[in-house]
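Index from 1, following the sequence.
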Amino acid sequence: MIIFPIKKCPTCGTTEFLRMQNYSTRVTDVFDSEGNFISTTDPSNNGFYKPLKTWYCASCNKRLFTEQEVIYD
């Protein structure tokens, strides 16, 4: 369970919050010595998510609180 520092957005009153995440991946292309393409790695197998530290209102997108204020129980 996640405990947020507020129960609703002070601007619009919604009770839904969001936190954006960065998604990074590395793709490797393989070529032969003649310059012909051989294969590429599947990016879905190598990706990872990094949550950002700011939470926003899911309705009006106002910045509401930081990750440090959230309690994970």
Side-chain angles (χ1 to χ4, degrees):
M1 182 169 69
I2 300 175
I3 301 170
F4 297 113
I6 61 174
K7 297 293 183 192
K8 64 181 182 176
C9 174
T11 301
C12 71
T14 191
T15 57
E16 296 179 1
F17 311 125
L18 63 87
R19 175 185 62 191
M20 296 178 194
Q21 300 183 57
N22 285 333
Y23 178 75
S24 297
T25 188
R26 183 176 301 253
V27 177
T28 303
D29 292 330
V30 180
F31 293 84
D32 66 15
S33 62
E34 301 293 318
N36 298 309
F37 175 76
I38 297 172
S39 67
T40 188
T41 58
D42 182 4
S44 64
N45 292 337
N46 301 316
F48 65 93
Y49 289 94
K50 179 181 179 186
L52 301 180
K53 297 182 191 265
T54 304
W55 287 79
Y56 298 86
C57 172
S59 180
C60 70
N61 293 319
K62 180 173 175 62
R63 183 179 167 188
L64 298 176
F65 46 87
T66 66
E67 184 67 19
Q68 294 173 334
E69 298 172 84
V70 176
I71 299 171
Y72 292 90
D73 186 23

Co-membership, hydrophobic cluster, residues [X] and [Y], 4.5 Å side-chain:
X: Phe4; Y: Leu18; value: no
X: Val70; Y: Leu64; value: yes
X: Phe17; Y: Ile2; value: yes

Among pairs that include at least one residue of residues 64-73, which meet side-chain hydrogen bond (donor to acceptor under 3.5 Å, both in side chains), considering only residues two or more places apart or in two chains? Arg19-Glu67, Arg19-Tyr72, Trp55-Glu67, Thr66-Glu69, Glu67-Tyr72
For residues Ser59 and Cys9, determine if any side-chain heavy atom of one lies less than 4.5 Å from a side-chain heavy atom of the other.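 They are not in contact (no side-chain heavy atoms under 4.5 Å apart), so the answer is no.
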Counting only heavy atoms not in Phe37, do more than 12 sit closer than 6.0 Å to its CZ atom?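 Yes - once you tally the heavy atoms of other residues, nucleotides and ligands closer than 6.0 Å, there are more than 12.
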Just by distance, do the side chain of Thr41 and the backbone of Thr28 share a donor-acceptor pair under 3.5 Å?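 Between the backbone of Thr28 and the side chain of Thr41 there is a qualifying donor-acceptor contact (under 3.5 Å).
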